[in-house]
Engineer: 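If you scroll down you'll find the structure; I have some questions about it.
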There are 2 protein chains.
Amino acid sequence: MSADRFTPETTRLDDAARAGWLYYVAGNTQDQIARKLGVSRQSAQRLVAMALSERLVKVRLDHPIGRCMDLAAALTDRYGLTLAEVAPSDPEAPDLLAGIAIAAAALLERVLKSPERRIVSLGTGRNLRAMVEQLPRMTCPQHVVVSRLGNMMQDGSATPYNATIRLAERIGAPHFPYPLPVLARDPAELAAMQAQQAARNTIDLCARADLSLVGIGQMDMTAPLHVDGFLSEAEMAELARAGAVGEITSWVYDAQGRILDCAFNRRVASAPLPCRPARDVIALASGQSKLPAIRAALAGRLITGLVTSEATAERLLD
Amino acid sequence: MSADRFTPETTRLDDAARAGWLYYVAGNTQDQIARKLGVSRQSAQRLVAMALSERLVKVRLDHPIGRCMDLAAALTDRYGLTLAEVAPSDPEAPDLLAGIAIAAAALLERVLKSPERRIVSLGTGRNLRAMVEQLPRMTCPQHVVVSRLGNMMQDGSATPYNATIRLAERIGAPHFPYPLPVLARDPAELAAMQAQQAARNTIDLCARADLSLVGIGQMDMTAPLHVDGFLSEAEMAELARAGAVGEITSWVYDAQGRILDCAFNRRVASAPLPCRPARDVIALASGQSKLPAIRAALAGRLITGLVTSEATAERLLD
DNA sequence: CCATCGGAAGGGCAAATGCTCAACCGCCAA
DNA sequence: TTGGCGGTTGAGCATTTGCCCTTCCGATGG
């Protein structure tokens with residue numbers, strides 16, 4: 001091998017390294033490098049490009065954001081997402097809402113800046129509500145905000161964390177609350193509800209939404225559906241036996257991310273949740289307890305994007 | 001500081017980091033970055049430039065350039081060193097700080113990766129400071145950083161380029177500043193100072209340091225000791241007559257690398273500099289003006305390793 | 001309240017860069 | 001010798017980038 005020291009290959013790589021050093025570390029232009037190494041400008045360019053393609057130069061970003069962006073790139077890559085945002089975790093409060101809310105707000109703001117009409121559909125949840133609070137006031141009468149699910153509990157009272165109304169107020173856009181409750185009593189009642197013109201119109205809007213932002217619910221004893229009284233402990237247990245690990249806008253799915261064909265889902269009145277959606281469906285979710293639910297949603301391609309925390313992203317990539 | 005999380009300053013740096021990542025790691029063009037971050041092309045350019053100027057992006061060249069390797073091998077061979085690193089020189093700026101700093105940072109990083117406790121002692125100087133800036137953030141509470149000399153001028157003000165504190169901050173390790181000034185007024189004062197418990201403890205740590213990184217000072221009119229006001233011109237001349245050619249952590253030595261037995265050295269309060277040290281003492285130094293000082297340090301085996309520039313290495317081997 | 005000022009944003013342009021393509025060189029085999 | 005072929009080179013051109021200069025915005029102080 002020592003004979004290789006002077007083969008063209010080695011010298012070329014050496015020159016590439018030298019060119020890369022002069023370019024990236026010493027800050028020369030390719031013209032200067034060409035003169036210093038005694039080659040043409042084009043050759044210098046090729047050497048610099050080679051230093052890059054042969055991975056001789058290693059670039060590292062020394063900022064907390066750098067790590068997050070590495071994680072986000074790994075997430076999009078591994079799960080075939082169109083978008084991933086990872087908010088830095090505070091080591092002392094690893095799944096603080098604020099980071100995710102800010103990241104998601106920035107994302108939403110970019111969409112809302114469009115002069116074209118955009119239909120934005122929203123689920124429910126603390127994350128979405130916090131996101132809206134982080135959004136600056138804007139004037140966007142050209143857009144439309146629509147809710148993907150009802151905000152009425154079974155007793156007729158409103159659920160907390162209604163993000164749709166707040167968002168519409170904040171950006172001055174027309175909005176469509178979801179005209180049905182979360183759950184129908186039975187499939188027959190559901191069919192009757194969905195036949196109403198207002199319902200059909202809203203569901204249609206949801207299907208055509210350019211951007212949908214949703215939360216992800218876990219299915220343990222802290223499940224939002226349980227805490228909010230939509231599911232009794234017995235029902236929870238039954239769903240668990242059927243393989244339920246998570247829910248998005250009340251649609252319950254299993255570990256492969258398949259919407260379960262079960263009695264509960266047959267009563268869900270929320271807008272249908274497309275599998276492998278054609279338009280952006282972005283979930284906001286983080287936390288140890290939601291991990292299985294997030295994993296399943298990613299596996300089943302129920303979402304095209306994810307906004308999460310650094311800590312959660314790391315665990316998703318384990 | 002946590003309240004600062006949302007100040008414009010922080011957000012701006014974050015954005016700069018994002019832009020830098022997208023540009024240098026993900027290979028986006030500035031146009032794409034502008035679209036993704038929702039800003040104008042010019043702003044994206046400014047963010048990328050900021051990522052560079054704020055030293056958020058670190059570039060490292062991962063290739064042993066043949067010529068530098070040869071020089072390094074020749075240096076270890078000729079001077080009996082345990083380690084030599086030679087950074088490529090830009091012919092027009094032969095002794096750029098950056099190359100040496102990066103090489104030394106890589107070296108230090110390898111040591112810091114050890115899970116075992118390591119004691120690292122540092123001298124002062126631009127090179128050391130630049131090295132610390134090149135080091136990535138790490139978490140190494142197992143190590144200890146200790147300064148080999150004071151950072152107080154005679155008037156009590158702090159010298160610039162304090163590397164110890166920066167290093168300790170950056171790697172999250174406990175650190176020991178040097179509790180004495182650079183010079184005592186006279187030998188009697190020195191003895192009194194060195195009797196203090198804190199001083200004895202720190203000096204002992206320096207003696208046990210697994211790795212010591214130091215600069216080398218020349219003894220001409222640009223001498224650090226003179227520029228920083230520790231040596232008057234008259235004193236400089238006297239030391240020159242006594243044969244002084246260089247200094248390490250303020251200990252002045254002659255052309256054979258022998259620590260001079262002179263009035264000045266009897267006032268130096270820095271940690272003692274062992275001749276033919278048993279543990280690694282590595283100097284960072286380059287430049288025409290430092291050549292005699294480097295040669296002498298090598299001849300007298302005051303150091304076990306050297307990180308220098310290509311141009312300086314060549315001259316040392318002449 | 002208005003005038004002033006500093007910093008950030010955007011337009012425009014010149015320099016730097018990346019890429020394609022045709023020409024060329026050396027090598028091998030017919 | 002000659003033709004073909006892989007690979008390298010340099011010219012030309014489109015894109016990208018860096019920078020200057022003007023404009024705009026918000027803060028500050030009279």
Side-chain angles (χ1 to χ4, degrees), chain A residues 3-59 61 63 65 69 106 109-110 112-115 135-140, chain B residues 3-59 61 63 66 90-93 96 98:
Chain A
D4 281 354
R5 283 182 61 182
F6 302 116
T7 60
E9 180 97 10
T10 309
T11 335
R12 215 172 143 65
L13 220 58
D14 276 6
D15 282 346
R18 190 167 286 270
W21 191 89
L22 287 167
Y23 189 72
Y24 289 105
V25 180
N28 285 269
T29 72
Q30 297 182 353
D31 257 318
Q32 294 173 297
I33 296 170
R35 277 195 299 278
K36 285 173 190 174
L37 298 187
V39 298
S40 72
R41 209 272 297 169
Q42 288 88 338
S43 300
Q45 196 270 331
R46 279 177 190 118
L47 288 174
V48 173
M50 180 182 299
L52 213 58
S53 66
E54 297 293 321
R55 315 218 165 254
L56 298 183
V57 291
K58 301 272 173 68
V59 182
L61 211 95
H63 191 281
I65 294 284
M69 305 209 54
E109 190 182 341
R110 286 199 291 277
L112 294 177
K113 270 187 182 158
S114 157
L135 204 69
R137 281 179 200 289
M138 307 171 67
T139 310
C140 321
Chain B
D4 280 355
R5 280 181 64 183
F6 305 115
T7 61
E9 180 99 8
T10 309
T11 335
R12 216 172 143 66
L13 255 182
D14 281 3
D15 281 346
R18 271 209 162 66
W21 190 91
L22 288 168
Y23 190 72
Y24 289 104
V25 181
N28 285 270
T29 72
Q30 297 182 353
D31 256 316
Q32 294 173 296
I33 296 171
R35 276 197 297 280
K36 285 180 189 172
L37 298 187
V39 299
S40 72
R41 209 272 299 166
Q42 290 87 339
S43 300
Q45 197 270 330
R46 280 180 189 117
L47 289 174
V48 172
M50 179 182 298
L52 213 57
S53 67
E54 297 294 322
R55 308 193 176 277
L56 297 181
V57 293
K58 304 276 167 73
V59 183
L61 209 89
H63 179 76
D90 179 345
E92 283 177 20
L96 198 68

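Both backbone and side-chain heavy atoms feed into the values below; hydrogens, waters and symmetry mates do not. Naming: A, B, ... by sequence-line order, numbering from 1 per chain.
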Engineer: Taking C-beta and beyond as the side chain, do B:Y24 and A:L61 meet within less than 4.5 Å on heavy atoms?
Structural biologist: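 Not in contact.
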
Engineer: Please state whether the phosphate of D:dT17, meaning OP1 or OP2, lies under 4.0 angstrom from any side-chain nitrogen or oxygen of B:Q45.
Structural biologist: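 It does not, given that no N or O in the side chain of B:Q45 lies less than 4.0 Å from OP1 or OP2 of D:dT17.
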
Engineer: Could you tell me whether the phosphate oxygens of D:dT9, OP1 or OP2, come under 4.0 Å of any side-chain nitrogen or oxygen in A:S40?
Structural biologist: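 It does not, given that no N or O in the side chain of A:S40 lies less than 4.0 Å from OP1 or OP2 of D:dT9.
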
Engineer: Take atom CZ of B:R35 and atom C1' of C:dG10, then tell me their distance rounded to the nearest Å.
Structural biologist: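 Rounding to the nearest Å, CZ of B:R35 and C1' of C:dG10 are 17 Å apart.
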
Engineer: State whether the side chain of A:R110 and the backbone N or O of B:K36 hold a donor-acceptor pair below 3.5 Å, judged by distance alone.
Structural biologist: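 It does hold such a pair.
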
Engineer: Between B:V25 and A:M69, is any pair of side-chain heavy atoms under 4.5 Å apart?
Structural biologist: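 The answer is no, as the side chains (C-beta and beyond) never meet within the 4.5 Å cut-off.
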
Engineer: Looking at C:dA16, I'd like to know if its phosphate oxygens (OP1 or OP2) sit under 4.0 Å from a side-chain N or O belonging to A:Y23.
Structural biologist: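 Checking A:Y23 against C:dA16: no side-chain N or O falls below 4.0 Å of OP1 or OP2.
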
Engineer: Between P on C:dG10 and CG on B:D31, what's the gap in Å once rounded to a whole number?
Structural biologist: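 Rounded to whole Å, this separation is 13 Å.
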
Engineer: Could you tell me how far apart B:N28 (CG) and D:dT15 (P) are, to the nearest whole angstrom?
Structural biologist: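 My rounded result for the distance is 18 Å.
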
Engineer: Can you measure A:R41 atom CZ to D:dC13 atom C1' for me and round it to whole angstrom units?
Structural biologist: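 Spelled out: CZ on A:R41 to C1' on D:dC13 is 11 Å.
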
Engineer: Give a yes/no on whether any side-chain N or O of B:S43 is located under 4.0 angstrom from OP1 or OP2 of C:dA8.
Structural biologist: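 It does not, given that no N or O in the side chain of B:S43 lies less than 4.0 Å from OP1 or OP2 of C:dA8.
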
Engineer: D:dG18 P sits how many Å from B:R46 CZ, rounded?
Structural biologist: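 That distance rounds to 12 Å.
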
Engineer: Would you kindly give the CD-to-C1' distance between B:Q42 and D:dC20, to the nearest whole Å?
Structural biologist: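 Nearest whole value for this atom pair: 12 Å.
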
Engineer: B:L37 CG to C:dA9 P: how many Å, rounded?
Structural biologist: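 About 12 Å, once rounded to whole Å.
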
Engineer: Quickly work out the B:M50 CE to D:dG18 P distance and round it to whole Å.
Structural biologist: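 Interatomic distance, CE of B:M50 to P of D:dG18: 14 Å.
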
Engineer: Counting only N and O atoms by type, is there a donor-acceptor contact under 3.5 Å from the side chain of B:N28 to the main-chain atoms of B:L22?
Structural biologist: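 Yes; judged by distance alone, with no hydrogens or angles, the pair exists.
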
